[in-house]
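Below is one structure, written out as structure tokens; comments come after it.
Below, chain A is the first sequence line, B the second, and so on; all start at residue 1.
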Amino acid sequence: MISFDHVTKRYGERLALDDVSWRMDEGECVVALGHSAAGKTTLLRLITHEAQPTSGTVTVGTFKSGRLSRGHRALLRRTLGVIYEDFRLLGDRSVFENVALAVRIAGRFSDAEVIPNVLRALEEVGLHGKQTALPSELSFGEKQRCAIARAIVNRPAVILADEPTGALEPRSAHEVLELLKRIHREGAALLLGTTRPDVAEALGGRRITLEEGRLTDSAPPSPSPSPYAPPVALPPAWAPPAAPPGGA
Amino acid sequence: MQLYFFREAWRSFRAHRGLASTAIFSMTAALALAGVFLLLSFNARQALRDIGDRREMVLYLKDEVSDADVQTLTEKIRQLYGTPTFVSRAAAWEEFSQQVGDPDLLKSVDTNPLPASLHVKLKPELLNFAAMESTAKQVVQFPEVEDVRYGAAYVQRLDALNAGAQRAAVAAGILVALALVFVLYNTLRLTVLARRPQVETMTKLGASDRFIATPFMIEAVLETLLSAILALGLVYALQQAVVTRLTGVLFLPWEWALAFVGAALLLAWVASAFALGRILRSFGA
């Protein structure tokens with residue numbers, strides 16, 4: 001599903017990733033652990049094609065790094081669900097509209113398609129009652145749950161999370177991790193980057209360790225990668241729970 | 001077009017009212033200037049057409065030409081060149097006498113020296129210097145015709161004036177189009193930069209350039225529509241002010257006004273598509 005083949009990435013003189021090779025299968029849960037500037041974010045940016053490798057090949061599904069057009073890059077990103085440490089919510093629109101944006105970007109515009117999907121995602125992350133709130137009215141934990149709802153609303157095959165608990169206090173961090181574990185159990189592959197071993201411990205799954213751009217510890221994917229990860233097909237990868245009642 | 005894009009355009013318009021107002025003000029100024037040139041061009045065209053319509057060719061006939069020959073020639077001229085009016089020698093003298101006015105002066109002339117003539121109102125396609133020159137060369141070959149006059153120098157000047165007015169209109173149009181593109185490009189750049197975090201988030205979520213650009217393009221087109229209407233209002237006010245001092249100055253016919261607005265909208269759409277393509281590419285990944 002995702003593979004890195006001898007990937008090196010430099011930003012000018014700075015070496016961000018050094019000859020990294022690894023792979024991740026469908027439905028797998030992988031935690032990329034490493035200190036700050038170890039290369040975790042670069043790893044995720046290479047997967048989303050926000051950055052291109054200096055050498056080597058990154059493959060995501062049928063997309064290969066190299067000269068992907070802007071249209072193909074957009075298409076690739078629509079097959080992924082990405083969660084950022086700083087949430088990246090749009091401040092001028094409500095929780096509902098933030099999540100709906102991902103549905104509309106996926107090409108669905110009619111209320112009949114948008115409303116039930118968004119409400120279902122908000123229900124899953126426990127924000128059903130906050131759909132009209134603006135991001136500025138939410139706590140950090142709620143903002144991150146809103147970002148998770150946006151990442152899962154289109155049922156992507158892979159969820160990428162870049163330090164999703166970095167800005168959260170312990171209780172919210174725990175809730176977010178439990179949420180991510182549940183989403184993974186339902187079938188989504190999950191790749192999480194973190195500096196915190198306790199987060200990696202709490203999440204479980206396969207661990208890869210990055211140090212100054214080098215992969216120092218990477219177990220090969222097991223045939224059954226995680227007790228929580230049944231093999232799944234590509235999108236729509238995992239079955240949503242029952243839709244919540246009511247409309248927007 | 002999905003309603004979503006219009007809602008987004010309205011959201012952006014409201015969020016950046018200052019920027020939108022500046023853009024509307026600048027575009028109204030540029031379009032009003034274009035409208036004034038268009039008004040001048042239209043009225044110059046009308047005036048030149050009125051003058052041009054009065055252009056005629058005079059065929060002076062030989063004294064010995066019989067009435068039957070005149071009849072035959074008149075028919076020939078009608079078929080080939082336009083509408084002829086016969087002016088007999090007596091009628092020419094009568095007209096001349098009225099123009100001179102002094103009977104004593106006329107008494108000194110023993111006989112009527114004026115020839116009979118055919119005054120030809122030429123077909124519209126012959127109302128230019130080249131065609132009139134060629135027509136004159138042809139009709140002077142007829143045996144009944146002594147001489148041909150059509151005011152060659154005057155016609156040539158009129159044609160040059162007409163061509164000059166058209167060139168000025170085209171040049172003004174190009175200048176205004178460039179000004180419009182410049183205003184739109186910079187307004188869109190500022191609007192997109194003001195919304196850069198949102199645009200970057202959308203890009204990260206997999207939004208296509210079209211998805212991101214469409215609301216901005218709709219906003220640009222709506223601002224241009226408003227500017228074009230305001231500009232036409234200003235031009236109308238100017239025409240109304242001028243017509244009190246200078247009668248005969250007309251406002252643009254509705255087809256011209258509609259074409260003016262349509263051209264502005266088309267230009268806005270193309271310019272904003274071009275501008276947004278460049279701006280979004282400059283954002284990189």
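Counting heavy-atom neighbours within 6.0 Å of K64(A) NZ, excluding the residue itself, gives a total of 12 or less. For F129(B), the CZ atom is densely surrounded, since the number of other residues' heavy atoms within 6.0 Å is greater than 12. F140(A) CZ: 12 or fewer foreign heavy atoms inside a 6.0 Å radius. No more than 12 heavy atoms of other residues, nucleotides or ligands sit less than 6.0 Å from atom CZ of R278(B). Summarising the local packing, OH of Y84(A) is surrounded by more than 12 heavy atoms from other residues, nucleotides or ligands at distances under 6.0 Å.
When all heavy atoms of R88(A) and T201(B) are compared, the pair lying nearest together is O-CG2, 3.2 Å. Shown here for L205(B) and L101(A), the closest heavy-atom pair between the two residues is CD1-CD2, 4.1 Å. Taking each heavy atom of R104(A) and F211(B) in turn, the nearest pair found is O-CE1, 3.5 Å.
Looking at R14(B), there are no atoms closer than 4.5 Å to chain A (heavy atoms on both sides), in backbone or side chain. In this structure, chain B has heavy atoms under 4.5 Å from both the backbone and the side chain of R93(A).
Here K204(B) is the residue among Q198(B), M202(B), R195(B), K204(B) with the most heavy-atom pairs under 4.5 Å with chain A.
Side-chain N or O atoms of R11(B) include one that pairs as donor or acceptor with a backbone N or O of D92(A) at under 3.5 Å. When atom types are taken as modelled, the side chain of R77(A) and the backbone of A207(B) share no donor-acceptor pair closer than 3.5 angstrom.
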